[in-house]
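This one's a predicted model, so the numbers in the text were calculated from it and none came from an experiment.
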Amino acid sequence: MLMSMVLIIILGYLGGDLAKRLTLPSLVGMLLVGMLVGPHGGNLLTPTLLSISADIRRIALIIILLRAGLNLNVQQLKQVGRPALLMCFLPALFEILAITLIAPHLFSVSSVDALLLGTVIAAVSPAVIVPRMVNLMEEGRGTNKQIPQMILVGASVDDVFVIVIFSTVSQLAMGNHFEATQLLGIPSAILFGVLAGMLLGKLMQWVLKHWSLSHFEKVILLLVLSFCLVSLEDAMTGVIKCSGLLAIMTMGMTLNYYSAEVVKPLSNQLGQLWRLGEIFLFVLVGASINIQYAILSSSAAIILIVSAIVFRIVAVFIAQLGTSLTLKEKLFTAIAYLPKATVQAAIGGIPLAMGIQSGELILTVAVVSILITAPIGAWLIDFLAPKWLTQSEK
């Protein structure tokens, strides 16, 4: 297994570096490397490593959500206001609705499986969006109208919102019948996730104030608490649930609110961990893809993804109603909300691992969505920002 890990790290890094040299997101190169070395390609990875790939992907998702929470400023969220709040859930809901309605006509799937597919595809990618919005904020581009802040806040919460729905719908997809009481798991998961995150964030603020810990020790403590929250979510199998992932992000936001001065070095440490985590995440996702099946399903998958994008763009424009944004600024906001990668990579293979009948299809569509939207969305953001966003005086 160690040699397989060496292979993933070296080839994944080289593939990502090559993609960046071609002005593509590095994750595209990592995905392609995974397809080449996986069991449906060169079969160079040991089955032992592939058997725990779902857990490795989950750890990577925890790292990126914890880092997003630490960088999310509650005051900034208040300043952006209603449009940012609508951007947190409206585009995702529109996209989930589109996929739920269209997928059964393109593939032989049930409505519940189509809904599950929608929850996998609907989230935007913090791996693509967050660093670009941070760069725009540093340049002062679009900040006079809080455009990068709005996108950053909305995209960060959008991910958690979609993942919470995915957790509930995946349980519905495992059963043979639908019970309305199971829908109670969605609001309870959100409510208790927020409460648990706020309590632990406040606890961490007290600990960091009274204990002398190195930055590394603080990061380890945050990760331990995050793993416990996810384990708690797994243990709650009844109607009442608690979203561990939402709690993780809320914990980071709470810590930022009460102890903003200690957040930046912790975020930097998590950023270093993420550099390794993203290699394993995207290479292992690529390794899970049945290349032949992906080719056969790609045309229908592309139709589905493009249709869902249209619904998402409409939702973004609805969220911007009543704002002072120009047409070009609204279009930029909609385009910045297109890239998919991190969440699709982290949860796309879960239905297949759970034994859900349409699991292979869901994973395939998830990867196709990454390969289409991540490079195109990233390139459009970089290309259009200097042309469509006004640079504020520093």
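Rounded to the nearest 0.5 angstrom, Ser125 OG and Ile370 CD1 are separated by 8.0 Å. Atom CD of residue Glu95 and atom CZ of residue Arg312 lie 4.5 Å apart, to the nearest 0.5 angstrom. The structure places CD1 of Ile313 at 8.0 Å from CG of Leu331, a figure rounded to the nearest 0.5 Å. In this structure, the separation between OG1 on Thr390 and CD1 on Ile147 is 7.5 Å, given to the nearest 0.5 Å. Here the straight-line distance linking atom OG of Ser307 with atom CD1 of Ile305 works out to 9.5 Å at 0.5 Å rounding. Annotation: the span from Ser267 atom OG to Leu255 atom CG amounts to 11.0 Å, rounded to 0.5 Å.
In this structure the side chain of Trp206 never reaches within 4.5 angstrom of the side chain of Tyr258, judged on heavy atoms. At least one side-chain heavy atom of Leu90 sits under 4.5 Å from a side-chain heavy atom of Phe94. Contact of the Pro386 side chain with the Gln391 side chain is not registered, since no non-hydrogen atoms from C-beta on lie closer than 4.5 Å. The shortest distance between side-chain heavy atoms of Leu384 and Leu389 does not fall below 4.5 Å. Between Phe166 and Val343 the shortest side-chain heavy-atom distance does not fall below 4.5 Å. Side-chain contact between Leu203 and Leu200 is present, with at least one heavy-atom pair separated by less than 4.5 Å. The side-chain heavy atoms of Val124 and Leu338, taken from C-beta on, include no pair separated by under 4.5 Å. Using a 4.5 Å heavy-atom threshold, the side chains of Val112 and Leu116 count as separate.
Here the closest non-hydrogen pair linking Leu136 and Pro148 is CB-CB, 4.1 Å. Minimum interatomic distance between Thr143 and Gly140 (heavy atoms only, all atoms of both residues): OG1-O, 3.2 Å. Taking both residues in full, the closest heavy atoms of Leu229 and Ala247 are given as CD1-CB, 3.8 Å, listed atom of the first, atom of the second, then distance. Of all heavy-atom pairs spanning Met204 and Lys218, the tightest one is CE-O, 4.5 Å. Across every non-hydrogen atom of Thr254 and Gly197, the tightest pair is OG1-O, 4.0 Å. Taking every heavy atom of both residues into account, Gln320 and Pro83 meet most closely at OE1-CB, 4.3 Å.
In this structure a side-chain-to-backbone donor-acceptor pair under 3.5 Å is missing from Asp158 to Phe89. Thr46 places no side-chain N or O within 3.5 Å of a backbone atom of Leu49 that could act as its donor or acceptor partner. Remark: the backbone N or O of Val120 is paired with a side-chain donor or acceptor of Gln344 at under 3.5 angstrom. Side-chain atoms of Tyr337 come within 3.5 Å of backbone atoms of Gly154 as a donor-acceptor pair (strictly under, hydrogens ignored). Between the side chain of Lys340 and the backbone N or O of Ile121 there is at least one donor-acceptor pair closer than 3.5 Å.
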Margin query: The test is side chain to side chain contact (heavy atoms under 4.5 Å, CB included); show your working for Ile99 and Leu115 and say whether it passes.
Written below: CA-CA 7 Å; Ile99 293 173; Leu115 177 60; over 6 Å; no
Next item on the list: Check step by step if side chain to side chain contact (heavy atoms under 4.5 Å, CB included) holds for Leu70 and Asn256.
Entry: CA-CA 6 Å; Leu70 289 172; Asn256 184 320; 5.6 Å; no
Margin query: Run the side chain to side chain contact (heavy atoms under 4.5 Å, CB included) test on Leu273 and Leu223 for me, step by step, so that the C-alpha distance in whole Å, both residues' side-chain angles and the decisive distance to 0.1 Å come before the verdict.
Written below: CA-CA 11 Å; Leu273 279 176; Leu223 287 174; 3.8 Å; yes
Margin query: The test is side chain to side chain contact (heavy atoms under 4.5 Å, CB included); show your working for Leu7 and Leu45 and say whether it passes.
Written below: CA-CA 8 Å; Leu7 198 65; Leu45 302 179; 4.2 Å; yes
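Following chains of ILVMFWY side-chain contacts shorter than 4.5 Å, one can reach Leu276 starting from Leu66, so the two form part of one hydrophobic cluster. Grouping the Ile, Leu, Val, Met, Phe, Trp and Tyr side chains by contacts below 4.5 angstrom, directly or via other members, places Ile220 apart from Val230. Both Leu281 and Met5 are members of a single hydrophobic cluster when ILVMFWY side chains are connected at heavy-atom separations under 4.5 Å. Under the 4.5 Å side-chain heavy-atom criterion for ILVMFWY residues, a single connected hydrophobic cluster contains both Ile59 and Met1. In the hydrophobic cluster analysis, where Ile, Leu, Val, Met, Phe, Trp and Tyr join through side-chain heavy atoms closer than 4.5 angstrom, Val109 is grouped together with Ile347.
A donor and an acceptor atom, one from each side chain of Gln146 and Gln149, are located under 3.5 Å apart.
Among the candidates Val283, Leu44, Ile56, the single residue satisfying the side chain to side chain contact (heavy atoms under 4.5 Å, CB included) test with Ile8 is Val283. For the salt bridge (charged side-chain N to carboxylate O under 4.0 Å, His left out) criterion with Glu329, the lone passing option out of Lys387, Arg141, Lys145 is Lys145.
Judged by the 6.0 Å and 45° rule, Lys328 forms no cation-pi pair with Phe332.
Heavy atoms from other residues, nucleotides or ligands lying under 6.0 Å from OH of Tyr13 number 12 at most. Heavy-atom contacts from other residues, nucleotides or ligands closer than 6.0 Å to CG of Leu22 number more than 12. For Gln357, the CD atom sits in a loose shell: 12 or fewer heavy atoms of surrounding residues, nucleotides or ligands are nearer than 6.0 Å. Residue Phe317 qualifies as enclosed at atom CZ: its count of foreign heavy atoms under 6.0 Å is above 12. Residue Met354 qualifies as enclosed at atom CE: its count of foreign heavy atoms under 6.0 Å is above 12.
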